[in-house]
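To keep things clear, I will list the structure first and then write my remarks on it.
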Amino acid sequence: MPELPEVETVRRGLQPVFEGARILDVEQRRPDLRYPFPPDFARRLRGRTVVSLGRRAKYLIAHLDADPVLICHLGMSGSFRIHSGAAETLPGEFHHARSKDEAHDHVVFHLKDQAGETHRVVFNDPRRFGFMLFCEAASLDAHPSLAGLGVEPTGNALDGPLLARLLSGRRVAVKAALLDQRLIAGLGNIYVCEALWRAGIPPTREAGAVAADRALCAALAEAVRAVIAEAIEAGGSSLRDHIRTDGSLGYFQHSFSVYDREGEACRRPGCGGAVSRLVQAGRSTFYCPSCQA
DNA sequence: AAGTGAACCTGAAGGC
DNA sequence: TGCCTTCAGGTTCACT
């Protein structure tokens with residue numbers, strides 16, 4: 001699912017419920033997701049207070065009042081739902097068949113916020129590519145999941161000259177380079193396609209060739225930052241099962257220019273081309289052969 | 001070393 | 001209706 005804008009949308013949705021809240025209890029309903037849960041997962045979280053909920057690339061990072069730090073990744077299909085207020089129906093209480101969706105509710109956090117309100121935060125992940133890990137606060141930056149990550153495409157850090165340095169000398173297609181989390185951290189298949197379209201760059205062009213063109217690098221850096229900023233502003237996209245923490249849908253999908261639009265008209269004014277699909281490194285690339293040439 | 005493809009897992013969608 | 005194949009937002013690992 002989730003690329004950086006979706007993870008940031010989730011973070012913003014969870015923040016008011018998590019930050020300052022005490023973790024009353026954690027239900028861990030299976031031994032593993034993508035990886036096994038850490039030993040004593042629920043026990044180590046119980047009683048902790050959440051100091052802050054941050055994000056690095058596509059990782060959510062919950063800092064607690066004492067070790068450990070909780071690192072969470074949504075994988076392809078992970079999502080959080082918040083149920084606030086008084087005790088609700090417990091699963092099975094009325095002998096309702098558990099819905100198919102509920103079968104993928106893998107973790108439930110029981111929280112009490114500073115105002116004394118209680119919340120249940122449910123992590124659901126049908127494909128189970130998501131994961132939750134612990135890390136000691138002192139060694140967070142050295143954690144294997146985080147240590148190699150590149151620059152965030154938010155803010156102003158990613159500009160033309162930096163992008164040129166990142167792409168310089170690389171023989172891979174620029175599409176693959178933009179997906180490489182060691183270079184830019186947080187881009188995924190959708191927003192890479194969108195950014196390349198905005199900048200008018202063919203996805204198959206060698207990364208090093210883009211690096212050699214200063215104007216092109218400036219345009220691509222600007223396109224990456226703009227598409228990410230706009231998607232965050234719009235509350236993330238909504239593909240299939242991606243939902244925000246309140247259950248509403250992100251709507252950036254309505255402004256996709258090329259992603260999942262194979263055969264449809266290019267949206268660049270005056271272009272007149274049609275969106276094509278090709279496969280690079282096993283993943284679909286959507287682009288306009290007319291204006292990305 | 002860098003780059004490609006498979007694997008992880010479930011569900012949705014399309015063809016017949 | 002069902003059975004089959006293909007495909008999906010990500011990451012990691014095993015190969016060339």
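Protein chains get the first letters and strands the later ones, always in sequence-line order, with residue 1 at the start of each.
Of the side-chain N and O atoms in Arg283(A), none sit less than 4.0 angstrom from OP1 or OP2 of dG5(B). For Arg34(A) and dA7(B), the shortest distance from a side-chain N or O to OP1 or OP2 is not below 4.0 Å. Checking the phosphate oxygens (OP1, OP2) of dT11(C), a side-chain nitrogen or oxygen of Lys58(A) falls inside 4.0 Å. Taking only side-chain nitrogens and oxygens, Tyr191(A) never comes nearer than 4.0 Å to OP1 or OP2 of dG9(C). For Ser77(A) and dA8(C), the shortest distance from a side-chain N or O to OP1 or OP2 is not below 4.0 Å. Contact check, His73(A) against dG10(C): no side-chain N or O comes under 4.0 Å of OP1 or OP2.
Atom-to-atom, CZ of Arg30(A) to P of dC8(B) comes out at 15 Å; the value is rounded to the nearest Å. One atom, CG of Asn189(A), and another, P of dG10(C), lie 6 Å apart when rounded to the nearest Å. Straight-line distance from the NZ atom of Lys175(A) to the P atom of dT4(B): 11 Å, rounded to whole Å. The CD-P distance, from Gln280(A) to dA8(C), rounds to 13 Å in whole Å. Atom CG of Leu146(A) is separated from atom C1' of dT11(C) by 13 Å (rounded to the nearest Å). At whole-Å resolution of the value, OH in Tyr259(A) and P in dG10(C) are 8 Å apart. As a whole-Å value, the separation of Leu4(A) CG from dG10(C) C1' is 13 Å. Atom CE in Met76(A) sits about 14 Å away from atom C1' in dT6(C), given to the nearest Å.
Between the Asn124(A) side chain and the Ser79(A) main chain, no donor and acceptor come within less than 3.5 Å of each other.
Among the candidates Leu111(A), Leu53(A), Val50(A), Asp113(A), the single residue satisfying the side-chain contact (heavy atoms from CB on, under 4.5 Å) test with Val17(A) is Leu111(A). Between Asn189(A) and the options Glu3(A), Glu194(A), Lys175(A), Gln280(A), a side-chain hydrogen bond (donor to acceptor under 3.5 Å, both in side chains) holds for only Lys175(A).
Dense packing is recorded around CZ of Arg46(A), with more than 12 heavy atoms of other residues, nucleotides or ligands lying under 6.0 Å away.
Once the 5.5 Å centre distance and the 30° plane angle are applied, the aromatic ring of Phe129(A) is found not to be stacked with the base of dT11(C).
Place Phe131(A) and Phe286(A) on DNA chain C by their nearest nucleotides, and Phe286(A) ends up nearer the 5' end. Nucleotides of DNA chain B nearest to Gly282(A) and Arg182(A) differ in position, and the one nearer the 5' end is that of Arg182(A).
Among the heavy atoms of the strands lying under 4.0 Å from Arg128(A) are primed sugar atoms or P, OP1, OP2 only; no base atom is included.
Between Tyr259(A) and Phe286(A), the ring planes are perpendicular. Angles over 60° get that label, and only those under 30° would be called parallel.
In this structure, of dT4(B), dG9(C), dT12(C), it is dT12(C) that holds the atom nearest to the side chain of Tyr35(A). Across dG10(C), dT10(B), dG9(C), the shortest atom-to-atom separation from the side chain of Arg127(A) is found for dT10(B). Of the candidate nucleotides dA8(C), dG3(B), dG11(B), dG11(B) has the atom lying nearest to any side-chain atom of His104(A).
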